[in-house]
Each structure stands twice: as structure tokens, then as C-alpha cells.
Amino acid sequence: QVHLVESGGGLVQPGGSLRLSCAASGRTLSTLGVGWFRQAPGNERNEREFVAAIRRIVGTTYYADSVKGRFTISKNDTKNTFYLQMNSLKPEETAVYYCAASEYGLPVLRSSSTYWGQGTQVTVSS
């Protein structure tokens, strides 16, 4: 069993930056694929949007087209924590951000093998 706890959300002005953290326990982070999803206001759980991910073992990173060049996913295996650095944030990126992990390659939205954090609110507004 993997337990994930996010931190770092909050209110930021358009164009600003935030860094989200996700602390994992129960499994060593190096054995997990990890990622971030977001759920916009009014959307259902199954409408969570993929944001970024790191593939298990090989470490390949993936990004949604909408965040490429502005967001960076990274991890620190020593701290068993992974991160999402978000720059040049836009109001439409207001959402609850969820970290996710999987023992199989990459975390997938509709997979029973994906573990989820509790979510952290990010609000982009002036």
C-alpha cells in the first residue's frame, strides 16, 4: 500500500509560480511511476486531467501539451518525495491538484492500481 500526501497549494496571481510536493510512504519512490493530475471546479473524478508524470525505473518524463515549458516534474528518491514546479500560471489552471503513483509504469486515471493523494487546491486569481 502506498500513502501519498500533497502540500504546497494556495492562491497565486496570474503569471506566478507554485511548487507542489507529494510525500510518499509505504513503498520506495524509485520503484514507482509518479505523476500529477488536476480536477477543475465542477468536474467529476473521472474527468481529472493529466498534467505530468515520471515513468517507473527509466525516469522518462511526460507532460500535457498545455503545460510543456512551464511545469516541471521531479523527484527526490532520498526524501521519497516528488514535486511539480508550476510557472506562468493561468486562471484556467485553477483546480485541485492530485499526486498519483503506480507500481506499473505510469499512474493511470482509470486504474485500480493507481494510488492517489488527498488533493491540494491551487487558485490562480488576481
Side-chain angles (χ1 to χ4, degrees):
Q1 188 76 9
V2 177
H3 186 57
L4 304 173
V5 178
E6 297 106 336
S7 60
L11 173 65
V12 63
Q13 292 187 342
S17 298
L18 276 178
R19 188 176 84 152
L20 306 182
S21 300
C22 183
S25 59
R27 286 286 300 268
T28 304
L29 199 60
S30 60
T31 66
L32 299 171
V34 298
W36 293 90
F37 293 74
R38 61 191 178 191
Q39 185 169 341
N43 284 3
E44 300 294 329
R45 177 189 174 106
N46 63 0
E47 296 175 294
R48 287 180 187 174
E49 178 189 12
F50 167 77
V51 177
I54 301 175
R55 183 175 289 277
R56 176 179 177 267
I57 305 297
V58 295
T60 307
T61 56
Y62 303 87
Y63 295 93
D65 288 343
S66 60
V67 307
K68 283 180 181 177
R70 299 185 298 117
F71 290 15
T72 302
I73 187 171
S74 62
K75 66 189 183 88
N76 185 324
D77 289 347
T78 301
K79 294 184 177 181
N80 232 42
T81 301
F82 58 104
Y83 308 93
L84 184 68
Q85 176 67 43
M86 305 185 293
N87 299 327
S88 301
L89 281 159
K90 305 173 182 179
E92 57 265 37
E93 294 179 311
T94 293
V96 177
Y97 283 69
Y98 294 89
C99 63
S102 174
E103 298 160 327
Y104 306 102
L106 293 169
V108 176
L109 178 59
R110 297 182 181 83
S111 170
S112 60
S113 300
T114 296
Y115 299 95
W116 295 93
Q118 81 284 359
T120 185
Q121 177 70 46
V122 172
T123 301
V124 185
S125 175
S126 55

Contacts of [X] that satisfy side chain to side chain contact (heavy atoms under 4.5 Å, CB included) - sequence neighbours left out:
X	answer
Thr81	Ser21, Ala23, Lys79, Tyr83
Val124	Val12, Pro14, Leu89, Pro91, Thr94, Val122
Thr72	Tyr63, Gln85
Ser112	none

Please examine the side chains of [Y] and [X], heavy atoms only from C-beta on, and report whether any two atoms are closer than 4.5 Å.
X	Y	result
Ile54	Phe82	no
Leu109	Trp116	yes
Val67	Met86	no

(Q) One pair to check against side-chain contact (heavy atoms from CB on, under 4.5 Å): Leu32 and Arg56. What are the steps and the verdict? (A) CA-CA 5 Å; Leu32 299 171; Arg56 176 179 177 267; 5.7 Å; no

Closest approach of [X] and [Y], non-hydrogen atoms and distance?
X	Y	answer
Thr114	Ser102	OG1-CB, 4.5 Å
Gly119	Val96	CA-CG1, 3.8 Å
Lys68	Asp65	NZ-OD1, 3.1 Å
Ala95	Pro41	CA-CD, 4.4 Å

Find out if a path of hydrophobic residues (ILVMFWY) with successive side-chain heavy-atom gaps under 4.5 Å connects [X] to [Y].
X	Y	value
Leu4	Ile73	yes
Tyr115	Val51	yes
Val34	Val2	yes

Q) Val108: which other cluster members, linking ILVMFWY side chains closer than 4.5 Å, directly or transitively? A)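 None; Val108 is a cluster of one.
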
Q) Other hydrophobic cluster members with Tyr104, side-chain heavy atoms of Ile/Leu/Val/Met/Phe/Trp/Tyr under 4.5 Å, chained? A)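 Grouped by the 4.5 Å side-chain rule, Tyr104 forms a cluster of one, so the answer is none.
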
Polar side-chain atom of [X] near backbone of [Y] as donor-acceptor pair, under 3.5 Å:
X	Y	value
Arg70	Ser88	yes
Glu6	Gln118	yes
Thr28	Ser30	no

For [range], which residue pairs pass the salt bridge (charged side-chain N to carboxylate O under 4.0 Å, His left out) check, not counting sequence neighbours?
range	value
residues 10-33	Arg27-Glu103
residues 108-123	none
residues 117-126	none
residues 40-49	Arg38-Glu49

Q: Would you give the length of the straight line joining atom OG1 of Thr120 to atom CH2 of Trp36, rounded to the nearest 0.5 angstrom?
A: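 These two atoms lie 7.5 Å from each other.
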
Q) Can you tell me how far NZ of Lys75 sits from CG of Asn80, rounded to the nearest 0.5 angstrom? A)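 Output value for this atom pair is 9.0 Å.
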
Q. Where does the angle between the aromatic ring planes of Tyr97 and Phe71 fall among parallel (under 30°), tilted (30 to 60°) and perpendicular (over 60°)?
A.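 Correct class here is tilted.
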
Q) Quick one: ring pair (Phe, Tyr, Trp, His ring centres under 6.0 Å) partners of Phe50, sequence neighbours excluded? A)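 Only Phe37 meet the ring pair (Phe, Tyr, Trp, His ring centres under 6.0 Å) criterion with Phe50.
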
Q) For residues 30-114, which residue pairs qualify under disulfide bond (SG atoms under 2.5 Å apart), counting only residues two or more places apart or in two chains? A)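 Counting only pairs at least two positions apart or across chains, the disulfide bond (SG atoms under 2.5 Å apart) contacts touching residues 30-114 are Cys22-Cys99.
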
